[in-house]
Enquirer: 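Submitted below is the structure of interest, expressed as structure tokens.
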Amino acid sequence: METTLVENLPEVTAVGVLIKAIIILAVISAIAGFGTYIERKVLAFMQRRLGPMHVGPYGLLQLAADGIKLFTKEDIVPQNANKFIFMIAPIITAATAFIALAAVPVFPDFTIPEFIPLLGGTFVPSIAADLNIGILFVLGMMASGLYGPLLAGMSQANKWGIIGAARTAVQFLSYEVVTGLSILAPIMIVGSLSFVDFNNAQSEGIGSWLIWQQPVAFVLFLIAGFAETNRTPFDLLEHEAEVVSGYATEYSGMRWGMFFIGEYANMITISIIAAIVFLGGYSEGTLGWLTIVLKVGFFFLLMLWVRASWPHIRPDQLMWLCWKVLMPIAVINVVITGIVMMV
Amino acid sequence: MGLEQFKNRNVGTQNYKTLDLGKTPTRGLDKFKQVVNRTFKGELFVGLWVTLREMINALFRGEMHTVKYPFEKLPISPRYRAIHDMLRLLESGHYRCIGCGLCEKICISNCITMDTRYDENQRKEVSEYTINFGRCIFCGYCAEVCPELAIVHGPRYENASEQRASFSLFEDMLTPIDKLNLQQEYEGFGAVSPNADDNIKQTPLAY
Ligand code: SF4
Ligand code: SF4
């Protein structure tokens, strides 16, 4: 199956990958910024408020106003902080979030029309780096993104930061096992770690979506994904009511903004993984790009929706949940999947 | 009920009612049953539904609560005591104040300063009238005592200004002569706010 796929497609050149990388960077950071606007609006509507209204029509340009504010704010580095690590931590979060996106299929492939000078005829692939271990790479990258909050919290010489860093470690230790184990069962069924194979395995309509075969794994992955992106109910790292702003307490301006771009990029990545692995991805022929946008949009909305509805849990409850409830269920799920496949 | 019950600090002897929360499970099986019960109760989804319902209400049923304040204002009660207004007679347009000085006398923070003199027709006219809003406590006594309904509390509650003197002169409080037809009569103590009907709600009996 894979060989025919490669034969049908034009050759992927370095220029094409470069263009793809630039597109991902530009579009995802724009969407990530726009995500903050959507989040504020949806949360506002769910509390019967209007949300941002005054900058531009329906507050659409609020994003630009926030951007200007973030860019022009003074970049304060606290006196006793470890300056190098303090300055590099937000970059780790933002960079790993975008590196993870390199192995995720975003937008369909296309060829730049011939009449455009210089780049005409270049084939731009849907995945910047079509690794055959795509899922492993993405999950690994997102996991290493947690080093951002961890280092940021420890380097800033602030007690709230330290607590935030400790909670990062707690969270990291808890959900990572569940993410890996929950996604193991679908990987066993498909027999590949590549997103393209997952997509092709579910190409026979809604009935072939993996969510019907692996509902438990889907729920587990969703829960672990919420923890991975620090969303409510697992936003222990920076919960204002308890630890001021956790690991981000001392950050200001663009460094603070980078944490948030990273967080929103991670939300998008998790949504894409969930859509491709469990909900059939972009396999619906010509309309594939539209359906995956809808699926990703649904997961994104779900994260905001949950934030508006549910309280968040304590760190010890998170560990209890992940180690004592979710991990056993995930292991049982993997074992049962294995038995069913053997029989 | 006397105060004794509140002064009793001896835990266990007070007359408290405890809620029936059921038994805390001690055996492993019971704990497991409780976890399963709670897991499949679907309360989290009830929570999701509540927020979704509010969103639908707000977006499609016009139940948005936000008031876009500087552009849109809630009606205030006629009893509201904001910056004073000096009213005019509707027929002649002359100011109503007869210079009796009652408001100056009753003012408990001594912030009204007024002076009167005879005008050319040998009638009493107000030559000076100021209220020091740095001292006024907006008690409303001056409006209550005024025999002519001349000084009333107006609806101007947005009194941020560089100088508090911007509000306090007689001319500032007096209805402008060209806006005489817009002059609002004071509805009197006990008047209800214009949107009182909308604010009436059923007393919730069941929770
Ligand atoms: S409202 Fe009260 S304090 Fe203010 S001027 Fe009138 S009587 Fe004086
Ligand atoms: S009580 Fe009324 S009529 Fe008398 S001086 Fe004051 S404002 Fe004028």
Side-chain angles (χ1 to χ4, degrees), chain A residues 38-59 62 178 215-216 218-220 222-223 226-227 231-234 297-313 317-330 332-333, chain B residues 19 21-76 157-158 160 195 197-204 207:
Chain A
I38 295 179
E39 167 149 27
R40 288 174 67 178
K41 272 292 193 196
V42 170
L43 285 185
F45 290 153
M46 287 185 167
Q47 297 159 359
R48 288 207 239 160
R49 293 183 288 113
L50 282 173
M53 276 305 272
H54 292 300
V55 193
Y58 296 98
Q62 185 71 40
V178 183
V216 179
F218 174 70
V219 173
L220 292 181
L222 216 55
I223 295 174
F226 273 68
R231 301 295 303 179
T232 318
F234 308 116
F298 169 74
F299 282 116
F300 198 83
L301 184 74
L302 187 68
M303 290 180 178
L304 310 184
W305 190 5
V306 164
R307 178 169 173 195
S309 313
W310 295 355
H312 89 147
I313 63 174
Q317 287 172 327
L318 175 70
M319 295 190 87
W320 175 84
L321 180 74
C322 284
W323 285 104
K324 285 186 164 174
V325 181
L326 300 184
M327 195 188 73
I329 295 178
I332 293 170
N333 187 41
Chain B
L19 292 174
L21 297 175
K23 274 222 185 80
T24 311
T26 45
R27 288 190 305 146
L29 184 66
D30 293 341
K31 281 185 188 170
F32 180 72
K33 273 190 200 154
Q34 192 185 36
V35 168
V36 171
N37 272 339
R38 288 182 177 171
T39 307
F40 293 104
K41 220 173 180 183
E43 276 176 342
L44 286 175
F45 295 97
V46 175
L48 282 182
W49 161 242
V50 168
T51 43
L52 185 72
R53 187 187 61 206
E54 291 311 308
M55 181 155 144
I56 294 170
N57 281 347
L59 286 179
F60 305 114
R61 305 233 180 98
E63 288 185 21
M64 201 68 92
H65 279 307
T66 308
V67 178
K68 292 184 225 159
Y69 162 61
F71 311 114
E72 192 182 13
K73 286 176 194 167
L74 293 176
I76 59 167
Y157 56 86
E158 293 157 319
N195 63 341
D197 283 352
D198 306 335
N199 287 344
I200 291 178
K201 293 203 177 77
Q202 246 183 352
T203 313
Y207 286 97

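Below, chain A is the first sequence line, B the second, and so on; all start at residue 1. Quick caveat: nothing in here was measured; it's all calculated off a predicted structure.
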Enquirer: Keeping the roles fixed (side chain from B/Lys41, backbone from B/Val36), state whether a donor-acceptor pair exists under 3.5 Å.
Expert: no
Enquirer: Quick check on A/Trp310 against chain B: is it the side chain, the backbone, both or neither that has a heavy atom closer than 4.5 Å?
Expert: side chain
Enquirer: Decide ring-ring contact (aromatic ring centres under 6.0 Å, His included) for A/His54 and B/Phe71; before the verdict, give the C-alpha distance in whole Å, the side-chain angles of both, and the deciding distance to 0.1 Å.
Expert: CA-CA 11 Å; A/His54 292 300; B/Phe71 311 114; 5.7 Å; yes
Enquirer: Measure the CD-NZ distance between A/Gln317 and A/Lys324 for me, rounded to the nearest 0.5 Å.
Expert: 12.5 Å
Enquirer: Heavy-atom count check: over 12 atoms from other residues, nucleotides or ligands less than 6.0 Å from B/Tyr69 OH?
Expert: yes
Enquirer: Side chains of A/Lys41 and A/Met53: closer than 4.5 Å at any heavy-atom pair?
Expert: yes
Enquirer: Please classify the contact of B/Leu44 with chain A as side chain, backbone, both or neither, using a heavy-atom distance under 4.5 Å.
Expert: both
Enquirer: Can you tell which of A/Met46, A/Gln47, A/Arg48, A/Arg49 has the highest number of heavy-atom pairs within less than 4.5 Å of chain B?
Expert: A/Arg48
Enquirer: Under 4.5 Å heavy-atom distance to chain A, tell me which part of B/Leu52 shows up: side chain, backbone, both or neither.
Expert: both
Enquirer: Chain B heavy atoms under 4.5 Å from A/Val306: which part of the residue, side chain, backbone, both or neither?
Expert: both
